[in-house]
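Each remark here refers to the structure printed beneath this line.
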Amino acid sequence: MKSAVETLNPTRVRLTVEVPFEELKDSLDAAYKKINQQVTVKGFRKGKIPARIIDQRFGRGAVLEEAVNDALPKFYTDAVNEGELNVLGQPDVDITELKDGELLSFTAEVDVRPVIEIPDYSGIAVTVDAVEVSDEDVEKAVGELRDRFASTNPVERAAAEGDVVTIDLEAKVDGEVLPDGVASGVQYTIGSGELLDGIDEAVTGLEAGGEATFTSELKGGTAEGKAAEVTVKVTQVAARELPELDDEFAQMASEFDTLDELKADSRKRLESSKQYDQATQAQERVLDELLKLAEVPIPEKLLAEEINTRKHNLEHHQLGQMGLDLAKYLEIQGKTEEEFDAETKEQAVKGIKTQFILDELVNKEKLNVNQEELTEHLMRRAQSSGMSPDQFAQAVVEGGQVPMLVGEVARGKALAVVVEAATVTDTNGNPVDLEDEEEAAETAAAEATETAEAPAADAAEEKTADAAEKADSAEKADDEKADDEKADKPGA
């Protein structure tokens, strides 16, 4: 086999491959064998039809087509390896010549990773928010904890903001009560904004037994988006009572004995949270500066696939779970479709550039991922997915996502190298030490690249979800089997 590589542009090449016909022998034999199993010829046993009879009955062309289709992937792969190419996606293959008994020639155009010159990033300097926790921040955190321990007691007075009312609702559109427009015994905190627009004004001032009617646009159900006449009846008014902020509350709501200890712990937690946010902000800003320094050509086909994948994930996964379509989402966001398309393209370009640069840094710095680092990353991903570590690990393996996770960790380490070389100061002019914030770098790198390997990432994500579902079903089946076996035992 002979192959040659022609560079069409920095991200695309054309392979020209010539294969002597004798190298097709194995594929020809396989083609005859396959056709033998598929056809029937009178006078011959199935699978025992001579090659010359197949050629006569079905044509030599059909055999050659089957053989070439079988052989092309191997010859293409050999040509890629011979040219030491780092290809992206599937090639566009064109058979240019097929002479029976003589020669097979074909071309394959395919996207490749561009050669990237890593810029000098030692001069990068960024400013991040200072870590400052005020007394008001601490009081707010303790207040939120206090709200969680609030109790409600019925009162005989008119409802006011902050009260919890028990209400019955009936919604009509064009004078007709909606099939899903009736609800009873709904508890609602006045001022929370968790129900219909206009309900706060309607129930405020009503006592138990009082009712009011108002008009509101329905946010869901069979008449979503339509204006409805809503009748609300208050069956109970309850006042929220907050516990006293004292040592007794600290003991009830936490592991601490005194309120001062609880406040000190709240301050410590807020500082830790803000330090992590500061680290993430630093990673993102350093990455943005690195992207400005580097020239990264973007493969057009890969970019188109990435944009389509991002749109698909938004429409069919994220928005679908919220009961929204793209048009409604854009309306809520106050964006036109053109603005949305431009933003999606910008994000896709950034994701691909980030992955290319960080992957190149991984190679340049010879960064490796050990088992401990991979396990820690897997644990964090499991936590964010809502799955147990064991279930997530099984899903990752069955979904073929292990290389993707390794890549995420490696890119995080590469970004950490850049951040370590950068100058990071806070808004007060103080230097910021981010030496121990590699976790934040992994997060920033993963979020920036997101689905940069679009088709593979999307497919792997779906495989992981399927694998998780199968694992869960298998686990339930095992439990049921164990219960059945136990029930069959005497005395069970």
Side-chain angles (χ1 to χ4, degrees), residues 147-148 152 154 158-238 240 307-341 343-344 384-387 451 458 461-462 464-466 468-470 472-473 476:
D147 284 339
R148 287 163 50 190
T152 56
E161 184 171 355
D163 286 343
V164 179
V165 290
T166 304
I167 54 177
D168 297 336
L169 294 164
E170 182 184 81
K172 295 180 181 179
V173 173
D174 298 330
E176 296 290 331
V177 178
L178 298 171
D180 53 356
V182 178
S184 300
V186 177
Q187 288 196 328
Y188 174 67
T189 302
I190 301 176
S192 66
E194 295 174 351
L195 278 179
L196 299 168
D197 293 337
I199 195 168
D200 289 335
E201 294 81 0
V203 298
T204 299
L206 294 182
E207 297 184 16
E211 66 176 58
T213 300
F214 64 100
T215 301
S216 181
E217 182 180 310
L218 298 178
K219 297 180 179 179
T222 57
E224 180 182 1
K226 292 185 178 180
E229 183 182 84
V230 182
T231 300
V232 56
K233 180 178 180 180
V234 176
T235 59
Q236 179 181 277
V237 179
R240 296 178 75 249
I307 291 172
N308 288 335
T309 297
R310 286 175 182 261
K311 286 184 176 180
H312 175 85
N313 287 343
L314 176 66
E315 290 188 64
H316 295 88
H317 296 295
Q318 300 169 36
L319 296 183
Q321 292 175 357
M322 294 186 288
L324 299 174
D325 58 18
L326 183 59
K328 188 67 176 178
Y329 168 75
L330 293 178
E331 180 185 334
I332 294 171
Q333 294 291 315
K335 296 177 184 175
T336 65
E337 191 167 349
E338 290 74 18
E339 290 171 335
F340 169 74
D341 288 343
E343 286 182 9
T344 303
S384 65
S385 71
M387 298 165 64
T451 54
D458 196 32
E461 182 180 340
E462 292 179 3
T464 300
D466 291 342
E469 188 174 338
K470 289 177 182 176
D472 190 43
S473 300
K476 289 178 181 176

Selection residues 207-218 - residue pairs positive for salt bridge (Lys or Arg N to Asp or Glu O under 4.0 Å), sequence neighbours left out: none
Test side-chain hydrogen bond (donor to acceptor under 3.5 Å, both in side chains) applied to Asp341 - qualifying residues, sequence neighbours left out: Lys311
Residues which pass side chain to side chain contact (heavy atoms under 4.5 Å, CB included) with Glu331, listed by chain and number, not counting sequence neighbours: Lys328
Side chain to side chain donor-acceptor pair (under 3.5 Å) pairs, two or more places apart, involving residues 182-200: Tyr188-Asp200
Approximate separation, where rounding is to 0.5 Å, of Lys233 NZ and Thr235 OG1: 8.0 Å
Pairwise distance OG1(Thr152) to CD(Gln236) - rounded to 0.5 angstrom: 7.5 Å
Enumerate donor-acceptor pairs with a distance under 3.5 Å from any side-chain N or O in residues 162-173 to protein atoms, sequence neighbours excluded.
residue : atom : partner : partner atom : Å
Asp163  : OD1  : Arg157  : NH2          : 3.1
Asp163  : OD2  : Arg157  : NH1          : 2.7
Asp163  : OD2  : Arg157  : NH2          : 3.3
Asp163  : OD2  : Ala160  : N            : 2.9
Asp168  : OD1  : Gly185  : N            : 3.0

Sub-4.5 Å side-chain heavy-atom contact between Glu161 and Thr204: no
Glu338: side chain to side chain contact (heavy atoms under 4.5 Å, CB included) partners, not counting sequence neighbours: Thr336
Under the salt bridge (charged side-chain N to carboxylate O under 4.0 Å, His left out) test, residues paired with Lys226 that sit two or more places apart: none
Partners meeting salt bridge (charged side-chain N to carboxylate O under 4.0 Å, His left out) with Asp180 (sequence neighbours left out): none
Donor-acceptor pair, side chain of His316 and main chain of His312, under 3.5 angstrom: yes
Nearest-0.5 Å distance that lies between atom CD in Gln318 and atom OH in Tyr329: 8.0 Å
Salt bridge (charged side-chain N to carboxylate O under 4.0 Å, His left out) partners for Glu343, two or more places apart: Lys335
With sequence neighbours excluded, residues passing side chain to side chain contact (heavy atoms under 4.5 Å, CB included) with Glu201: none
Exercise: identify the closest heavy-atom pair between Leu196 and Leu218: CD2-CD2, 4.2 Å
Residues which pass side chain to side chain contact (heavy atoms under 4.5 Å, CB included) with Leu206, listed by chain and number, not counting sequence neighbours: Ala212, Val234
Side chain to side chain contact (heavy atoms under 4.5 Å, CB included) assessment of Thr344 paired with Leu314: CA-CA 10 Å; Thr344 303; Leu314 176 66; over 6 Å; no
Which atom of Ile190 lies closest to which atom of Ala159, heavy atoms considered: CD1-CB, 3.6 Å
